[in-house]
Structures are given as C-alpha cells and as structure tokens.
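Nothing here was measured: the structure is a model prediction, and the numbers come from that model. Letters A, B, ... mirror the listed sequences (proteins, then strands); counts begin at 1.
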Amino acid sequence: MRLDGPVVLASGILGISLDVFRRLHRSGAGAVVTKSLSKSPWTGYANPTVIGLDNGGWLNAVGLSNPGAQNFADMIRPNREIPIIVSLVGSTAAEFEYMIDKFDECAVVAYELNMSCPHVAKVGLEVGDDPALVREIVGAAKQASGDSAPVLVKVGLGSSNYLDTVGAAIDGGADAITAINTIRSMAIDAELQRPVLSNRFGGLSGAPIKPIALRCVYEIASRFGDIPIMGCGGISNWKDAVEFILAGASAVQIGSVLGEEDVDIFGRINTGITEYMERKGIDRLQDMVGHAQRR
Amino acid sequence: MRLDGPVVLASGILGISLDVFRRLHRSGAGAVVTKSLSKSPWTGYANPTVIGLDNGGWLNAVGLSNPGAQNFADMIRPNREIPIIVSLVGSTAAEFEYMIDKFDECAVVAYELNMSCPHVAKVGLEVGDDPALVREIVGAAKQASGDSAPVLVKVGLGSSNYLDTVGAAIDGGADAITAINTIRSMAIDAELQRPVLSNRFGGLSGAPIKPIALRCVYEIASRFGDIPIMGCGGISNWKDAVEFILAGASAVQIGSVLGEEDVDIFGRINTGITEYMERKGIDRLQDMVGHAQRR
Amino acid sequence: MRRDGRIRDYPEAITVEEVIDETPTVRTLIFSDDIMSSSMPGQFAMVWVPGAFELPMSIMTATGRGRAAFTVRRHGDASTALYNIRRGESIAVRGPYGNSFDVRRGRLLLVGGGTGLVPLMRLVTHTNPDDDITILMGARTADEVFFDELASDLLSARRGAGSGNRDDQGSSHSTGDYNCGAGDYNYGTGSEAPLRGRVIVTTDDGTRGKKGRVTDILDAIVDCSAGGKFDAIYTCGPEVMMYKIVQTASRHGIFVQASLERMMKCGVGICGSCAAGPDIVCKDGTIFDGRHLLANPEFGFTYRDKSGIPTSW
Amino acid sequence: MRRDGRIRDYPEAITVEEVIDETPTVRTLIFSDDIMSSSMPGQFAMVWVPGAFELPMSIMTATGRGRAAFTVRRHGDASTALYNIRRGESIAVRGPYGNSFDVRRGRLLLVGGGTGLVPLMRLVTHTNPDDDITILMGARTADEVFFDELASDLLSARRGAGSGNRDDQGSSHSTGDYNCGAGDYNYGTGSEAPLRGRVIVTTDDGTRGKKGRVTDILDAIVDCSAGGKFDAIYTCGPEVMMYKIVQTASRHGIFVQASLERMMKCGVGICGSCAAGPDIVCKDGTIFDGRHLLANPEFGFTYRDKSGIPTSW
Ligand SMILES: Cc1cc2nc3c(=O)[nH]c(=O)nc-3n(C[C@H](O)[C@H](O)[C@H](O)COP(=O)(O)OP(=O)(O)OC[C@H]3O[C@@H](n4cnc5c(N)ncnc54)[C@H](O)[C@@H]3O)c2cc1C
Ligand SMILES: Cc1cc2nc3c(=O)[nH]c(=O)nc-3n(C[C@H](O)[C@H](O)[C@H](O)COP(=O)(O)OP(=O)(O)OC[C@H]3O[C@@H](n4cnc5c(N)ncnc54)[C@H](O)[C@@H]3O)c2cc1C
Ligand SMILES: Cc1cc2nc3c(=O)[nH]c(=O)nc-3n(C[C@H](O)[C@H](O)[C@H](O)COP(=O)(O)O)c2cc1C
Ligand SMILES: Cc1cc2nc3c(=O)[nH]c(=O)nc-3n(C[C@H](O)[C@H](O)[C@H](O)COP(=O)(O)O)c2cc1C
Ligand code: FES
Ligand code: FES
C-alpha cells in the first residue's frame with residue numbers, strides 16, 4: 001500500500017473535499033482516509049453532533065453523513081497524486097461490492113471497511129460484532145477490489161471481543177487492521193438535564209482514549225503477529241505516534257487533534273518521529289514496529 | 001441498603017484501613033467500599049502499579065493486592081458506625097460463599113462482587129464475561145448473605161456485552177449494579193521503549209472514562225428499569241455526580257479524583273448536589289434519578 | 001500551533017437575560033458570558049437550543065460587562081427555536097470559534113445584509129475614533145431594517161470619539177442619502193464637521209433609504225470616496241452579495257474581507273462539513289481576504305449540503 | 001483543595017549524568033530535572049528502574065541549576081537495581097509527592113540515619129544563615145558514614161553565612177565530640193566565633209565520632225543546649241529511632257517533625273498501601289508533627305506489608 005509517510009488522516013475528519021486532501025497531503029499527511037461512504041448519500045444526525053470535553057476529548061455522533069460513494073468517486077476521480085484510502089460503511093456484502101465498483105476508475109490506495117462506528121444502527125459496530133458477517137463482507141470486498149487495492153478493516157470496542165473481529169477479518173482476507181474507532185459514550189448536561197448530542201449516544205475520541213487504543217494495537221500485534229496495523233485513537237504528538245509504533249503499528253492515523261492544532265501537525269509529527277529515530281539510531285521505521293512487545 | 005449520603009468511596013481506593021474509613025466517613029462519604037478481597041491474602045503486582053497520565057486519567061494494575069477476607073473481617077469487626085460495603089473477588093461460587101461467611105459478625109451494609117477488574121487472570125472481567133457463571137455466583141452470594149446484606153454486582157467493559165452481565169446478575173438476584181470499573185489500557189514509554197506498568201496492561205480510571213461510564217449507567221437504567229445503580233467512573237465534582245444521577249444512578253462512587261483532591265472532596269460534592277437540588281427545586285434525590293432518560 | 005485564547009468546547013448553559021425585537025422576524029438575545037463577551041469581531045458560537053438544534057451564530061455585542069448577545073432571524077426550524085427563546089430560558093453555548101477581522105485603520109467601509117450585520121457591529125467597537133467609517137446596510141423593506149440606530153450609537157460611542165456625529169447620524173442614518181457631486185463623497189446632513197462615521201441604508205423597495213441593493217450603490221460609494229480611497233472593506237451577508245463586493249473591491253485595489261457561512265457541525269476543524277474548496281471555514285475563517293476568496297473555486301458558487309454534496313447557492 | 005505546584009504523575013525518562021559512591025553500599029545518582037530540582041525539602045519521587053521496579057526515593061540536592069539526585073542504599077532487588085544504574089543510563093521519575101518540612105527559624109536539630117539524611121540535606125538548603133543548626137547522623141561503622149562533609153559544606157554555603165564555620169566543620173565534623181560542661185553545649189573545636197552549624201557523627205562500633213546510636217546521645221544534646229532550647233527537631237530514618245526522638249522532643253516540649261516510610265504504590269493518595277492509622281502517608285505526609293504521630297496507633301509499631309496486613313517493625 002502506497003503511503004507517503006506514516007501519519008495518516010483518520011476517517012471522518014475533514015474527509016469530504018479533495019481540495020482539503022491536497023492541503024493535508026502538502027502538510028505531510030502520508031495518506032488520507034475519506035469520510036465513511038455509504039451506498040447513497042446520508043444527511044446524518046441533527047446538531048449537536050460534535051462537542052468538545054475540554055480535556056482533549058471529543059464526542060461525536062455525526063451519524064455518518066456523507067455524499068454517497070458515487071458522488072465521492074466523481075469528486076476524486078481526477079486525483080492521482082494523493083494516496084487516498086476510501087472508507088466504506090454498509091450492512092451487507094453486496095453494498096460493499098457495489099461501492100467498491102464505483103471507484104473503478106479512481107486511484108484508490110486502499111479501502112478501509114468501517115466495522116466500528118459506535119452510534120449508527122445496522123452498520124459499523126453492529127457489523128463488527130458479528131464475526132461471520134465480517135468474514136463474509138471482507139471476502140466480498142477483497143474480491144471486488146481484486147488486485148487494485150488492499151482492504152483494511154477498522155475495528156473498535158463493541159459488545160463482543162474485538163479480537164474475534166480482527167480474527168474474522170484476517171480469515172476473510174483483510175490486508176491490514178485499523179484500530180481503533182471512537183468508543184460509545186455520552187454527555188448529559190446537568191443544567192439542562194438532558195443528553196447533549198441529538199443522538200444521545202456518540203463516540204469518544206481524542207486524548208482520553210489513547211491508553212485504550214494503545215492496548216488494542218498491542219494486543220492485536222501480539223495475538224496476530226504479522227498483520228500490519230494502523231494505530232488510531234488519541235494521538236496528539238510525535239511521542240504518542242512513536243508509542244503506537246512501538247506497540248505494533250506500522251502507521252498511525254490522527255483525527256481529533258485537528259480540533260486543537262493546525263494542519264501542519266502532520267509535518268510536526270513526521271519531524272518528531274524522524275528526530276526520535278535519529279536519536280535512537282533507528283534506520284527504518286519498520287525496525288521499531290512492535291519493539292515494546294519484546295520488553 | 002444504608003447509605004449516609006450519595007457519594008461513596010470506590011473499591012480499591014484507600015480501602016485497607018478502618019482508621020482511614022473513619023476519616024472518609026467524617027469527610028462526607030456516604031459509605032465506603034473496601035479493596036476487593038480474595039480468599040487468601042494477595043501481594044499484587046510489582047511497581048510500577050499506578051501511574052498518572054497528567055490529564056485527570058490514571059492507569060493501575062495493582063493486581064488486587066489485599067489482606068484477604070479473614071484479616072479484613074478481623075479489622076472491621078469493631079465497626080458499627082461506618083456503612084462499609086465489602087468488595088469481593090474470586091473465580092467460583094464457593095470462594096464467594098467462603099468469604100461472605102467470614103463477615104458473619106461484621107456490620108456490612110452490602111457486598112459488591114467485583115466482576116470487572118480488567119487486569120487479573122481468572123477473576124473480575126473473566127468472570128463478568130461469562131453470564132452463566134455470573135448468575136451462579138450471584139445466586140450463591142445471595143444465599144450466603146441471606147437477609148444480612150444486599151448484593152451489588154460491579155460491571156465493566158470486557159470482551160462481551162456488559163449488558164448481558166447485568167442481565168445475568170439480575171437473574172441471579174443482584175440487588176443493585178455498580179458501573180463501571182476501570183477500562184483495560186496500557187502505557188508505553190517512548191524513551192524506554194517498553195510498557196510502563198509491570199503487568200503491561202492495567203485499568204484506565206479518572207476523567208477520561210467519564211463519558212463512557214455515563215453511557216453505561218444510562219444504558220443499564222434504560223434497559224433494566226428498576227435496578228438501583230451506583231454510578232462510577234471519572235467523577236470529579238458535583239456536576240459529574242449530578243450527571244450520573246440524571247443518567248439513572250441512585251448514588252455515585254468516586255476514586256481517582258482523590259489523587260488530585262483532598263478527602264474533603266466528599267463533602268464538597270455533597271454540598272454541590274444539595275445546592276443544585278435547591279436551585280432546581282428538587283426535594284428528594286430520588287426525584288432526579290434517571291431524569292435525563294425522559295428527554 | 002496550538003490554538004490559543006479562551007475557548008470552551010463544551011456547551012455551557014446560559015440564561016437569556018433580555019430579548020429585543022429588532023424587526024418582526026429578528027430578535028437579539030442578551031446574556032452574561034465572560035468568554036463570549038471577550039470574543040473578537042467576526043467570531044461565532046455554536047448555540048444549542050435544548051430539544052431543538054445547535055446552530056452557528058455570530059457573537060453580537062451587548063452593553064454591560066461580561067455580556068454578549070445573538071441576533072437571530074427566524075427562518076427554518078433551528079433559527080425559529082432560538083428566536084422563540086424567552087427571557088429567563090436557557091440555551092447552551094460553546095466557542096468562540098473562527099478567526100476575526102483584520103481591523104485596519106483609516107477609512108473603512110462595512111457592508112452587511114440582514115444578520116450579516118452582527119459581526120460588523122462588534123467590528124465597529126474595535127475601531128478607533130479617528131477611523132472614518134461608513135456602514136452600508138441593506139434590507140428588503142423598511143420594516144426589516146435594524147441595527148441602524150445601534151450602528152450610529154456604536155460609531156459615536158467609540159472611546160473619545162471627537163466629532164459629535166451622534167445627532168447627525170441620528171437624523172441622517174435613516175435617509176440613506178449620499179451625494180457624490182464634484183467627485184465629492186458627502187454624507188447627507190450638510191454638516192461641516194468632519195464626520196467620522198456614517199450609516200447608509202438601502203431597501204429593495206425603497207421604503208427606507210436608498211432604493212435598491214447595497215451592491216447597486218457600492219460602485220458609486222467606492223468611486224466617489226471624497227475623503228480618499230477606502231483603506232478596507234468588510235462584508236458579511238449573502239454570499240452572492242459578498243462575491244460582488246469582493247470583486248468591486250479588488251477592481252479598486254482595496255483590501256477586503258468577507259465572512260463566509262457554511263454548514264457547521266463541529267466548529268473546530270474536525271468534521272469537514274464547512275469545507276469550501278481547500279478552506280475549512282470554521283477554523284481558517286470564517287473571515288477570508290478577498291484575494292484568497294477569488295482563488296477559491298467554490299466562493300460565490302457552491303456550498304456543501306448536509307451530506308457534503310456541493311450545491312449551488 | 002486541588003493540589004497545587006508542579007507535579008508530574010507520568011514517569012518521565014531522565015538520564016543519570018553523574019554517579020557518586022558515598023559508601024560501599026550507598027550511591028548518589030545526579031540528573032537534570034527542573035520539576036524535581038525545585039521540590040521542597042522532604043518531598044519524594046517515585047523512581048522507576050526500567051525492567052525492574054519502581055521505588056519511593058527522597059529527592060536529594062545536587063549542585064547545578066535544574067539538577068537533582070537520589071541517594072540509594074543497595075539492599076533488596078529494587079534498591080540494588082537503582083544502585084547499579086550507571087552514568088548515561090536512564091530511569092524514569094514522577095512526582096514530587098508528599099508534603100515538606102515546616103522549616104522554622106532559630107536553633108534547629110536535624111537527626112538522620114542512613115539514607116534518612118537525604119531529605120535533611122535539602123532541608124539545610126532552606127534554612128537561613130542566622131539559624132543555628134546541629135546535624136546529628138548515625139551509622140553502623142565508619143565506612144558507612146556519608147554526607148558528613150556535604151552537610152558541613154551545605155551549612156557554610158547558606159547564602160551570606162556569616163561565621164566561617166566551614167573549616168571548623170571540616171575538621172570537626174568527623175570527631176563528633178561534644179561537650180556539655182557547665183550546662184554548656186559546645187561543639188568540639190573551641191572556636192570562640194558563634195558557630196551557626198555543626199555536624200555530629202555517631203557509629204554503633206565507635207570507629208568514627210561518638211560510639212553508640214544517635215538516640216543514645218540525644219537526651220544529652222537536647223538537655224545541654226547552651227544556646228537555648230532547640231526551636232525544632234527534624235528527623236528521618238528508621239521508625240524505631242524516630243519514635244524515640246519524637247518522644248524525647250515531646251518530653252522537652254520541642255516542636256518535632258518526622259518523615260515516615262511506608263509501602264508506596266501510587267504516591268498520590270489513591271491506593272491506600274501507605275496507610276498508617278488514619279494517615280495516608282504519601283499525601284498527608286510523609287512528614288508529620290510529633291504530636292500528631294504520638295496519636296497514631298501504628299507509629300513506631302507497625303507498617304502494612306504488600307497485602308496490606310499490619311506487620312511489626
Ligand atoms: C458563522 C455563521 C454565523 C452565523 N450567524 C448568524 C447570526 O448571527 N444570525 C442568524 O440569524 N443566523 C446566523 N447564521 C445562520 C444560521 O446558523 C442558520 O444557518 C440560519 O439561521 C438558518 O437556520 P434555519 O433553522 O432557518 O435552517 P434551515 O435552513 O431551515 O435548515 C434547518 C436545518 O439546517 C440546520 N442548519 C441550517 N444552517 C446551518 C448551518 N450553517 N450549520 C449547521 N446547521 C445548519 C439546522 O440545524 C436545521 O437542522 C450564521 C451562520 C454561520 C455559518
Ligand atoms: C518516602 C520514602 C523515601 C525514601 N527515600 C529513600 C532514599 O532516599 N534512599 C533509599 O535508599 N531508600 C529510600 N526509601 C526506601 C526505599 O524506597 C526502599 O524501601 C528501600 O530501598 C528498600 O528497597 P529494596 O529493593 O531493598 O526492597 P526490599 O525490602 O528488598 O523489597 C523488595 C520489594 O519491595 C518493594 N518495596 C520495598 N520498599 C518499598 C516501598 N517503600 N514502597 C514500595 N515498594 C517497596 C520493591 O519494589 C521490591 O519489589 C524511601 C522510602 C520511602 C517510603
Ligand atoms: C467527527 C468525527 C467523525 C468521524 N467519522 C468517522 C467515520 O466516518 N468513519 C470512521 O471509520 N471513523 C470516524 N471517526 C473516528 C476516527 O476516524 C477515529 O477512529 C477516532 O476519532 C479516534 O481517533 P482520534 O482520537 O485521533 O480522533 C470519526 C471521528 C470524529 C471525531
Ligand atoms: C488504584 C486503583 C485500585 C482499584 N482497585 C479496585 C478493586 O480492588 N476492586 C474494584 O472493584 N475496583 C477497583 N478499582 C476501580 C475503581 O473502584 C473504580 O471503579 C474506577 O477507578 C473508576 O472510578 P474513578 O474514575 O472514580 O477512579 C481500582 C481503581 C484504582 C485507580
Ligand atoms: S464545522 Fe466541522 S470542520 Fe468546520
Ligand atoms: S502510596 Fe498509594 S495511597 Fe499512598
């Protein structure tokens with residue numbers, strides 16, 4: 001899979017405009033993951049859909065609003081220069097096949113199957129929690145994409161053992177795993193005495209989930225050895241990124257940190273990783289992947 | 001169950017000394033939950049066992065070090081004035097029965113069965129993830145305690161649906177639910193290139209987990225209606241406590257906040273809740289329990 | 001670069017302390033909130049009406065320490081819910097978000113349409129008494145003109161404002177006349193005193209001030225600027241209006257800034273719903289230099305709907 | 001009350017820059033760390049030796065801006081791992097934790113045993129040149145005496161220290177003599193200049209200084225204080241020693257503080273492993289007033305082992 005660097009834009013973050021992708025790529029993003037796309041356009045939930053928790057944490061229930069696979073494919077068709085990973089969400093193998101077909105003429109470096117969104121019915125985690133369905137969908141997606149692009153499966157903490165989801169994804173032929181998505185959460189306002197998000201439940205992201213995400217990456221790496229992992233969840237700086245790599249990730253994705261930092265955060269994390277490797281005498285990033293497993 | 005106020009000390013927090021319990025009770029703790037006790041004394045893991053994350057979050061893998069049920073019962077036997085909730089941990093129904101017997105002559109206001117510790121093998125979450133075993137243990141504990149004290153079951157996020165654990169606990173006769181325990185996590189040091197906790201994996205507590213814990217309390221209340229809930233996880237001030245009550249908790253437990261505040265935090269949360277109720281014209285705490293469910 | 005300043009990302013409940021009817025469809029809701037009160041001109045808040053929606057709203061000035069306001073036009077569901085909030089009721093507010101106007105010195109032209117006037121009012125409070133300010137405001141009809149008196153008041157209230165233009169304004173702002181004889185741009189009253197602020201009103205139907213749209217008289221105002229070329233133009237309102245203003249300004253080589261409106265969810269640069277070409281409006285903007293905007297393929301033409309699909313204005 | 005000051009709860013890797021052999025079993029490891037360097041006398045850190053354990057360690061003074069140190073006695077697994085850290089190797093440190101000595105003015109007596117001297121060294125740096133300080137240190141044998149020279153140096157280095165007691169100390173600290181003739185407490189050298197600091201050493205076997213334990217000569221020192229009664233006594237070391245010192249002080253009505261050692265896991269008042277009666281040693285202490293300690297049923301008698309079971313010293 002072509003990446004221009006180890007720091008990748010996470011799905012759902014600024015992920016609906018090709019012009020924005022160009023800008024992020026110039027700022028140092030090794031690739032961009034699109035907003036999760038569905039078969040037809042979705043408007044998502046009503047606001048409030050995203051709120052900050054003033055501790056580096058964010059809660060969102062955007063409801064997977066997206067322009068749909070077809071519109072999106074039309075938008076990115078001209079692109080050749082930016083490594084775009086297309087995130088897809090759906091309930092059945094047929095839906096995923098349908099969507100992948102739409103990207104036939106696009107330069108897609110990979111598909112990321114969102115099996116972990118924690119706040120939309122029938123998709124995301126509700127798929128991820130069903131290993132048989134995961135296996136079936138991944139198999140179909142692999143077939144549909146053929147040799148054109150590898151398939152990543154994005155997992156999260158649902159109501160089953162996420163390691164079973166990873167196992168099923170690998171059985172189905174997944175080329176890599178992205179871990180993790182947001183964690184189902186909620187905010188209630190004491191003064192107004194009601195849930196804040198219009199959907200009541202949303203996903204927690206940002207700094208608060210880092211220790212949980214790091215553990216998942218470590219557990220996947222120690223259980224499934226060779227499968228490449230994109231680490232995601234609460235990464236705010238180069239040190240966090242290095243921790244995920246040491247835990248077993250080959251690349252990282254960042255999202256919520258963009259609520260607090262400018263887009264040049266990509267470049268700064270890249271620089272931080274490079275300086276770290278020089279200081280530690282590590283030649284290739286690959287040499288530090290999973291290094292903390294051995295201690 | 002006798003509580004002298006709605007703010008209770010969580011298990012494992014300062015929970016091994018009767019003198020400390022007295023002090024916390026004087027500071028406003030409505031009850032104290034003991035460190036989780038096992039059949040025989042446990043020394044726990046080697047340090048580092050507890051580290052702060054400098055964002056209100058704490059990571060611990062104390063390894064359930066505790067003096068054992070017998071020693072502990074001996075210590076608290078003189079107590080009559082403080083409402084003590086005895087937390088127990090074990091793998092089998094027989095172990096729980098054995099331990100409850102040891103507290104025969106103690107004034108225990110309730111037992112809390114720890115089915116959610118995320119970092120010790122064969123107990124805690126490994127029990128909680130097995131609904132059949134949960135039902136069996138709760139049934140045995142109810143029998144052993146008889147009418148002497150109600151039985152709470154403490155749940156957390158494991159590798160199954162925690163709502164199934166709650167259901168099994170209720171089937172087994174649980175009188176109330178405590179939610180939630182810490183969430184399995186880890187820290188890796190970039191400079192030293194290794195996990196920080198000696199056990200590698202630990203449990204995340206404190207402010208970062210609040211939105212997750214709040215969601216669990218809300219979900220349990222909306223799924224299981226009448227069962228009383230002790231809300232726990234990341235509560236740092238009266239506003240957090242009110243949010244948990246509005247979500248469906250009848251009382252709250254606090255833990256990690258004591259790493260940053262003095263023990264008078266109990267009194268301050270009590271005062272904050274009282275002032276809030278006055279301001280909102282709420283007469284009895286019971287009248288606001290689960291209020292956010294209706295919005 | 002970590003964003004600085006005081007920003008609150010969690011919506012905090014505030015109580016509306018005062019409600020002012022500006023027109024039959026526009027209201028100003030005043031409340032106390034230190035963080036909002038000290039926001040910079042052009043910044044906005046995300047305003048949650050419990051039980052209804054959350055909407056972006058420009059932060060309006062209000063008299064009184066620590067006070068701020070929103071001025072909302074009743075339109076669809078969300079704006080109507082906010083409009084219907086009464087004194088003593090609560091809403092919840094997070095922010096302030098976005099950048100703010102680059103407030104230049106000298107001769108400034110502020111052009112606003114409808115609630116687009118809101119950020120311009122706060123801008124006035126950040127100008128100097130020496131600055132010579134023209135405020136051009138458009139409305140459909142006389143009934144819908146608002147902030148005209150307030151604008152005059154704010155102009156004269158600028159600390160140490162020298163020329164007693166308050167009375168002049170008081171009488172003149174409603175006429176909206178302007179003369180441009182002998183290349184002279186002069187504001188109606190005939191006063192000899194150097195005027196350091198004037199308010200010009202246009203209505204589509206001519207029931208108040210000049211008949212027509214602000215863009216109709218813009219060229220005339222810019223061309224005949226007797227006191228010299230404008231040093232800067234600031235605009236907020238319908239994008240098609242702003243598009244024309246930016247073009248006019250750039251034709252005249254005048255520095256111009258416009259505040260964009262887009263669909264907003266997060267307000268902080270995470271969700272992408274406000275994207276306009278390469279720009280993340282909630283964070284890079286909402287205020288952009290005219291030169292930058294003219295290079296943005298979407299400015300003046302399309303916005304993204306709730307699904308993110310580009311849609312024509 | 002939210003705890004204040006600069007505290008780091010996450011262990012941060014630091015590199016040991018210098019290692020000093022104090023005795024065959026005691027080493028001082030010096031490193032740079034602003035937060036530790038500005039800790040108050042008596043505070044401790046949690047020190048993690050990667051691959052081994054994490055241990056509580058008093059924060060030792062070190063010369064040089066932003067520097068601090070630990071002085072460790074090699075004993076069991078954890079302390080030996082720390083002792084074996086070499087220059088250039090890394091450990092990770094969090095804190096500082098605990099309270100600090102209430103540093104009074106006047107005539108102060110500091111009594112330390114072994115590495116219990118560490119917090120007393122930092123205490124000296126917080127006294128004034130005017131203060132008259134006696135440091136009493138005990139060891140098993142001559143080989144195990146350390147910090148005696150350092151103590152003298154620190155005493156004379158106190159900013160603006162008037163009386164050139166450095167040389168006196170240099171020669172006298174090792175003798176450990178003291179006279180108490182005619183109710184006069186006087187320190188060996190016979191110097192007429194008012195001495196503002198003196199160091200007295202005892203060894204169990206008499207190979208250096210006074211033979212015996214510090215507690216053996218304590219009464220004599222306290223009784224014969226020629227310069228007047230001590231204003232305060234500070235002690236850190238084996239609890240049985242401190243117990244006697246606190247009793248002596250309280251018999252004489254002298255303000256006394258002792259620093260307790262307990263099993264520590266969190267260091268911040270969460271885990272409870274350091275409980276001593278009602279006291280949470282890591283947070284309420286480690287330093288307590290003698291009066292408070294005498295009311296604590298566990299002081300001088302029991303500590304809790306790793307399971308939390310009360311155990312006799
Ligand atoms: C930066 C900024 C500042 C603004 N300042 C003001 C102001 O001061 N006064 C004022 O009256 N209006 C202001 N608006 C416009 C306002 O936010 C609404 O777009 C407008 O009131 C229309 O709302 P409506 O309920 O009539 O929506 P409709 O057009 O009827 O649409 C209804 C639905 O769309 C949603 N919606 C509409 N517009 C937006 C949006 N921009 N972002 C997110 N969701 C939206 C509503 O929540 C609702 O779900 C501003 C907009 C922006 C972007
Ligand atoms: C506040 C404080 C300050 C201290 N300052 C110093 C100092 O400056 N210099 C010095 O040499 N010693 C100091 N100590 C003592 C030190 O922490 C150890 O207790 C001592 O070194 C014995 O360690 P050991 O490896 O020899 O443990 P052993 O007695 O051999 O026991 C080994 C095991 O016990 C654990 N352990 C031992 N003591 C403790 C403890 N107190 N807390 C947690 N775990 C423990 C170790 O991690 C190890 O697992 C201090 C103790 C405290 C509480
Ligand atoms: C506003 C928002 C929208 C998101 N939308 C998606 C999405 O469409 N698909 C997806 O797989 N993940 C989505 N995520 C999850 C992120 O990709 C990421 O997994 C998560 O936020 C954790 O990373 P972070 O802590 O760096 O933000 C979204 C996150 C946020 C905050
Ligand atoms: C150091 C530490 C030890 C704990 N020990 C126990 C335990 O023995 N039994 C248990 O049920 N929970 C234990 N917990 C979990 C807490 O009781 C509580 O559920 C959790 O910390 C979340 O609450 P908080 O965020 O307020 O700390 C422990 C937590 C910490 C931080
Ligand atoms: S509103 Fe979310 S990025 Fe602008
Ligand atoms: S060491 Fe944990 S409470 Fe003191």
Side-chain angles (χ1 to χ4, degrees), chain A residues 12-24 26 35 37-38 40-55 57-60 62-63 65-68 71-72 75 187 189-194 196-198 205-206 255-265 268, chain C residues 1-4 6-15 46-56 77-78 81 89-92 94-95 97 262-284 295-298 304-311:
Chain A
I13 311 296
L14 298 177
I16 61 162
S17 154
L18 182 58
D19 286 334
V20 171
F21 288 166
R22 286 206 180 90
R23 197 174 145 197
L24 298 173
R26 260 198 311 271
K35 177 74 200 170
L37 303 166
S38 49
S40 23
W42 285 355
T43 52
Y45 300 132
N47 277 347
T49 49
V50 186
I51 59 168
L53 303 176
D54 293 320
N55 65 353
W58 297 85
L59 203 55
N60 93 82
V62 164
S65 62
N66 78 87
N71 284 320
F72 202 86
M75 180 182 75
D189 192 86
E191 290 309 319
L192 304 172
Q193 305 189 309
R194 58 168 75 240
V196 180
L197 294 175
S198 73
S205 62
S256 305
V257 67
L258 286 159
E260 280 153 66
E261 306 259 358
D262 282 342
V263 296
D264 61 7
I265 181 73
R268 276 181 293 128
Chain C
M1 205 170 319
R2 208 147 211 295
R3 63 185 181 158
D4 49 0
R6 292 161 68 209
I7 301 175
R8 186 174 66 215
D9 290 314
Y10 187 83
E12 185 163 304
I14 52 97
T15 302
M46 292 300 289
V47 182
W48 176 35
V49 186
F53 306 96
E54 189 189 48
L55 270 181
D77 290 352
E89 291 184 336
S90 291
I91 54 178
R94 62 189 175 94
Y97 294 131
R262 284 295 183 280
M263 186 62 59
M264 296 203 175
K265 292 180 178 175
C266 70
V268 298
I270 292 182
C271 74
S273 72
C274 66
D279 294 318
I280 301 155
V281 172
C282 68
K283 192 173 172 185
D284 303 322
N296 184 321
E298 298 188 23
R304 283 160 195 274
D305 72 7
K306 287 191 175 180
S307 306
I309 301 175
T311 311

Taking every heavy atom of A/L192 against every heavy atom of C/A92, the minimum-distance pair comes out as CD1-CB, 3.8 Å
In terms of heavy-atom pairs under 4.5 Å, which option from A/L24, A/V196, A/V257 contacts chain C the most?
A/V196
If you define the side chain from C-beta out and look only at heavy atoms, does anything of C/S90 sit under 4.5 Å from A/E191?
no
Could you tell me which non-hydrogen atom of A/D54 sits nearest to which non-hydrogen atom of C/I7, and how far apart they are?
OD1-O, 4.2 Å
Could you state the interatomic distance from CG (C/D9) to CG (A/L59), rounded to the nearest 0.5 Å?
12.5 Å
Atom OG1 of A/T49 and atom CE of C/M46: how far apart are they, to the nearest 0.5 Å?
7.0 Å
Minimum heavy-atom distance between A/S17 and C/G277, given as atom pair plus value
OG-O, 3.1 Å
Using heavy-atom distances under 4.5 Å, tell me whether A/R22 contacts chain C through its side chain, its backbone, both, or neither.
neither
Given heavy-atom pairs under 4.5 angstrom as the criterion, report whether the side chain, backbone, both or neither of C/R304 touches chain A.
side chain
Proximal component of A/S198, with respect to chain C [non-hydrogen, under 4.5 Å]:
neither
Pairs satisfying side chain to side chain donor-acceptor pair (under 3.5 Å), at least one member in residues 263-276 of chain C, at least two apart:
A/S65-C/K265
Among C/P50, C/G308, C/A275, who wins on heavy-atom pairs under 4.5 Å with chain A?
C/P50
For C/S307 and A/W42, the nearest pair of non-hydrogen atoms, with its separation, is OG-O, 3.2 Å
Measure A/N71 against the heavy atoms of chain C and call it side chain, backbone, both or neither at under 4.5 Å.
side chain
For chain A, find which of C/D279, C/I309, C/D305, C/I91 contributes the most heavy-atom pairs closer than 4.5 angstrom.
C/I309
Quick check on the interface: out of C/C266, C/P310, C/A276, C/P297, who has the most heavy-atom pairs with chain A under 4.5 Å?
C/C266
Output for pair (C/K283 NZ, A/L14 CG), nearest 0.5 Å, gives 7.5 Å
Per-residue contact mode, C/N296 against chain A (heavy atom under 4.5 angstrom)
neither
Quick one: are C/W48 and A/N47 in side-chain contact, heavy atoms under 4.5 Å?
no
What's the spacing between A/N55 CG and C/Y10 OH if we round to 0.5 Å?
11.5 Å
Chain A contact via C/A78 - side chain, backbone, both or neither, heavy atoms under 4.5 Å
neither
Quick check: closest heavy atoms across A/L258 and C/I270, and the distance to 0.1 Å?
C-CG1, 4.4 Å
